[in-house]
Every structure is written in C-alpha cells, then in structure tokens.
Amino acid sequence: MTSEKNRIITIANQKGGVGKTTTAINLATALAAIGERVLIIDLDPQGNASTGLGIGRRERKLSSYDILVGANTVAEAALQTAVPNLAIIPSTLDLLGLEMEIAQQADRVFRLKTALSADDARSYNYVLLDCPPSFNLLTMNAMAAAHSVLVPLQCEFFALEGLSQLLETINQVRRSVNPSLDIQGIVLTMFDARNNLAQQVVNDVRTHLGEKVYHTLIPRNVRVSEAPSYGKPAILYDLKCAGSQAYLQLASEVIQRERQRKAAA
Ligand SMILES: Nc1ncnc2c1ncn2[C@@H]1O[C@H](COP(=O)(O)OP(=O)(O)O)[C@@H](O)[C@H]1O
Ligand SMILES: [Mg+2]
C-alpha cells in the first residue's frame, strides 16, 4: 500500500501548450513552500519542466529514462532544485527511444509504478508527474502509477474538444491498469478576462464538469511565461504577480481535496 504514504498526481492532457508544465512547476513550488516534500518527474522528452526549474542539459546525468528502465532508483536520479523541499528527476531525449525498447515487455506500463513503490520514493509527500502531450507509453506509465490526475484546460474555444477523449482514456485506465485512479481536478489555465469568449468557456466547462473544476482560475500572465527563461518557477520569479497568487490558491485547493478524500476514506 503506497496510498497514505504519499500522493502521486499526474498532470495530463494530450494537447500541447495547455499549461501542464507550468502547472507542474508552480503547483510543486507552492506545495514545497508550505513545507511539503515534493518531487517532480519530467516525463516529456522536451524537458521543459527540467529547463524551467533551472536544470541544464549537462546536469541531467540521470533522468526519468533511467528509472523507467530500472537502471537507477528515484533517490539516485532526483536532483535538488533551487526551491527548498523541491526535487526533480529531469528528462532527456533518451525517453524518445523508451517506447521501442520496452514495447515487448509485459510490465511496460508499470515501470514507473515499480520505481515509485520503493521506499526512497515514498519519502516525498507529493510526486507530480509532468506528462508529454500524447497518450503514449510515458503517459500510460504515469496514469498507472498515479493516485489521481490533474487536468489543465486552456480557456479557449476548443477547450472541451479532446477532453472527452481524455476522460475516456482515464476510464480505460481504470478498467485495465489502475482501478482506483481518481480525478484530482480540472484547472482552467490562461484565462484572459479581456477576451469575451473566455468567460463563456469558463461557464461551459463548469456546466459540463461541475465540482471537478477548481474554483481557482489561472490567469494569462506575462510573468508566468517569462519565468522559465530564468530557470525559475513564477512563484520565485515574481511572487506577487496574479499568476503566482493563483497557483498558491490552486495548491490550497489541491490540499483541501486531499484532506476531504482522507476524511472520507
Ligand atoms: N498562465 C499563463 N500565462 C501566460 N503564459 C502561460 C501561462 N501558462 C502557460 N503559459 C505559457 O504557455 C506555453 C505552454 O505552457 P506549458 O505549461 O509549457 O504547456 P504544456 O506543458 O501543456 O505543453 C508556455 O510558453 C508557457 O510559458
Ligand atoms: Mg509540457
């Protein structure tokens, strides 16, 4: 049983550019700031979470690839970031070859779950998995290993398109590899109050998905988009900006939901 030791949350949406990585970095930083021990695992070969947390290519001696192939443990691959309490297992382009390498193996979907069930991984309070923008083997490993999924949805006209496919995938995962996979919540990102359509999208999403949608709206905020180029979470780059404040609020909602779940268990 790993369930009460830590919480593994996968941040997933098969669309690119919806705010997965930004959410992983800033939610992780907000959780770390209130004293939780947090680990991000970068599962996207593009490595944006690694770059955004200031981990340069040369520092990536060990990566998520190494834990997925079973060559190294989580403790060996985790790097401390500049944020106290926040570690990351970075990604490298090796991940691109992983699918081919392990495609024939019976446990190919459970590689991450196995790595995360070791004691060293369970010392983190939260493990956030930053997924690539597709339903590939990496995303499936994340969904098989996670307790819950957090879905970023960009406030745009096509926000709901693709979501039904994602929800269906989550159901398939429940039927096959991870029956207890929960939806932590759906977070609306890049909300632009000046765009008339945005409020309509928010209303539509709330109507369709109700309680699953967090109250927190992440605004479109230029400080949030600048921060990664300094290798810093927005919360460190500019704590006062609206985007950072929204991510702090999101973290308290995430924790609140975890408390409610524990109380109900
Ligand atoms: N709240 C925001 N305000 C402004 N820009 C944002 C915000 N969230 C994300 N971005 C920018 O949008 C782009 C895509 O975000 P990212 O988190 O990388 O998405 P994904 O991981 O889903 O591909 C990035 O350039 C990022 O800096
Ligand atoms: Mg990303």
Exercise. According to a 4.5 Å side-chain heavy-atom criterion applied to Ile, Leu, Val, Met, Phe, Trp and Tyr, with indirect links allowed, do Ile41 and Leu181 form part of one hydrophobic cluster?
Worked result: yes
Exercise. Between Ser244 and Lys240, is there a donor-acceptor pair closer than 3.5 Å when you use the side chain of the first and the backbone of the second?
Worked result: no
Exercise. So, the side chain of Asn178 versus the backbone of Met143: is there a donor-acceptor pair under 3.5 Å, distance only?
Worked result: yes
For this session: Report yes or no: does Gln105 contribute a side-chain atom to a donor-acceptor pair with the main-chain N or O of Ile102 at less than 3.5 Å?
Result: no
For this session: Tell me, please, which residues at least two apart from Asp66 pass salt bridge (charged side-chain N to carboxylate O under 4.0 Å, His left out).
Result: none
For this session: Report the residues that fulfil side-chain contact (heavy atoms from CB on, under 4.5 Å) with Leu167, sequence neighbours left out, ordered by chain and then residue number.
Result: Leu163, Ile170, Ile183, Leu209
For this session: Begin with the C-alpha distance, continue with both residues' side-chain angles, and end with the deciding distance and a verdict on side-chain contact (heavy atoms from CB on, under 4.5 Å) for Cys155 and Val202.
Result: CA-CA 7 Å; Cys155 295; Val202 172; 4.1 Å; yes
For this session: Walk me through it: do Leu160 and His208 pass the test side-chain contact (heavy atoms from CB on, under 4.5 Å)?
Result: CA-CA 9 Å; Leu160 284 167; His208 277 83; 3.8 Å; yes
Problem set entry | Atom of Phe191, atom of Gln199 and distance for their closest heavy-atom approach | CZ-OE1, 3.5 Å
Exercise. Can you name the nearest heavy-atom pair linking Lys20 to Pro133, along with the distance?
Worked result: NZ-CB, 4.1 Å
Problem set entry | Closest non-hydrogen atom pair between Ala24 and Leu128, with its separation | O-CD1, 3.7 Å
For this session: Mind running side-chain contact (heavy atoms from CB on, under 4.5 Å) on Gln249 and Tyr214 for me, showing each step along the way?
Result: CA-CA 10 Å; Gln249 200 188 324; Tyr214 299 101; over 6 Å; no
Problem set entry | Note, Leu153 side chain near Val18 side chain (heavy atom, < 4.5 Å) | no
Exercise. Are Tyr126 and Ile11 joined in one hydrophobic group, where the rule is that I, L, V, M, F, W and Y side chains link up if heavy atoms are under 4.5 Å apart?
Worked result: yes
Exercise. Looking at Gln80 and Ile55, what are the two nearest heavy atoms and their distance?
Worked result: O-CD1, 4.4 Å
For this session: Give a yes or no answer on whether the side chain of Gln245 reaches the backbone of Leu239 with a donor-acceptor pair at less than 3.5 Å.
Result: yes
Exercise. Can you find a heavy atom in the side chain of Asn141 that is under 4.5 Å from one in the side chain of Leu43?
Worked result: no
For this session: Return yes if some donor-acceptor pair links the side-chain N/O of Thr216 with the main-chain N/O of Ala246 below 3.5 Å, else return no.
Result: no
Exercise. For Glu76 and Thr73, which heavy atoms make the closest approach, and how far apart are they?
Worked result: OE1-N, 2.9 Å
For this session: Answer with yes or no whether the hydrophobic clustering places Phe157 together with Val213; edges join I, L, V, M, F, W, Y residues whose side-chain heavy atoms lie under 4.5 Å apart.
Result: yes
Seminar exercise, completed: Contacts of Asn136 meeting side-chain contact (heavy atoms from CB on, under 4.5 Å) (sequence neighbours excluded), chain-then-number -> Glu99, Pro132, Ser134, Leu138, Thr139
Problem set entry | CG on Leu98 to OG on Ser91, rounded to 0.5 Å | 12.0 Å
Exercise. Looking at Ile25, Ile235, Asn221, which one forms a side-chain contact (heavy atoms from CB on, under 4.5 Å) with Tyr247?
Worked result: Ile235
Exercise. Taking the six-membered ring of Tyr65 as reference, does the NZ or CZ atom of Arg60 fall below 6.0 Å from its centre and within a 45° cone about the axis?
Worked result: no
Exercise. Is Val109 reachable from Val149 through a run of I, L, V, M, F, W or Y residues, each pair having side-chain heavy atoms under 4.5 Å apart?
Worked result: yes
Problem set entry | Any Leu86 side-chain heavy atom under 4.5 Å of Leu53 side chain | yes
Exercise. Can you check whether Glu101 reaches Arg108 side chain to side chain, under 4.5 Å on heavy atoms?
Worked result: no
For this session: Any pair with a residue in residues 153-182 that passes salt bridge (Lys or Arg N to Asp or Glu O under 4.0 Å), sequence neighbours left out, goes on the list, sorted by first then second residue, please.
Result: Lys15-Glu156, Glu168-Arg175
Seminar exercise, completed: Value for OG (Ser148) from CZ (Arg261), rounded to nearest 0.5 Å, stands at 8.0 Å
For this session: Verify whether one side chain among Ser64 and Arg111 offers a donor that lies under 3.5 Å from an acceptor in the other.
Result: no
Exercise. Rounded to the nearest 0.5 Å, how far does CD1 of Ile40 lie from OG1 of Thr29?
Worked result: 6.5 Å
Problem set entry | Any donor-acceptor pair under 3.5 Å from Tyr124 side chain to Asn6 backbone | no
For this session: Write down the atom of Ala227, the atom of Pro233, and the distance for their closest heavy-atom approach.
Result: CB-C, 4.0 Å
For this session: Could you check Leu250 against Thr23 for side-chain contact (heavy atoms from CB on, under 4.5 Å), going step by step and ending with a plain yes or no?
Result: CA-CA 9 Å; Leu250 178 66; Thr23 298; 4.2 Å; yes
Exercise. Between CZ of Arg122 and CD1 of Ile8, what distance do you get to the nearest 0.5 Å?
Worked result: 9.0 Å
Exercise. With a 4.5 Å limit on heavy-atom distance, are the side chains of Leu68 and Leu112 in contact?
Worked result: yes
For this session: Measure the shortest side-chain to side-chain distance between Leu95 and Ser63 over non-hydrogen atoms and say whether it is less than 4.5 angstrom.
Result: no
Exercise. Can you find a pair of side-chain heavy atoms, one from Cys131 and one from Thr10, that are under 4.5 Å apart?
Worked result: yes
For this session: Indicate yes or no for a side-chain donor-acceptor contact from Asn13 to the backbone of Pro152 under 3.5 Å, with no hydrogens or angles considered.
Result: yes
Exercise. Is any side-chain heavy atom of Leu39 closer than 4.5 Å to a side-chain heavy atom of Val74?
Worked result: yes
Seminar exercise, completed: The remaining residues in the hydrophobic cluster of Met190, counting side-chain heavy-atom contacts under 4.5 Å among Ile, Leu, Val, Met, Phe, Trp and Tyr, are none
For this session: Consider only side-chain heavy atoms of I, L, V, M, F, W and Y, link residues closer than 4.5 Å, and tell whether Leu129 and Val69 are in one cluster.
Result: yes
Problem set entry | Separation of Glu258 CD from His147 NE2 (nearest 0.5 Å) | 9.0 Å
Problem set entry | Pairs meeting criterion salt bridge (Lys or Arg N to Asp or Glu O under 4.0 Å) with involvement of residues 29-55, two or more places apart | none
For this session: Output the distance between atom CG (Leu31) and atom CD1 (Ile255), rounded to the nearest 0.5 Å.
Result: 5.0 Å
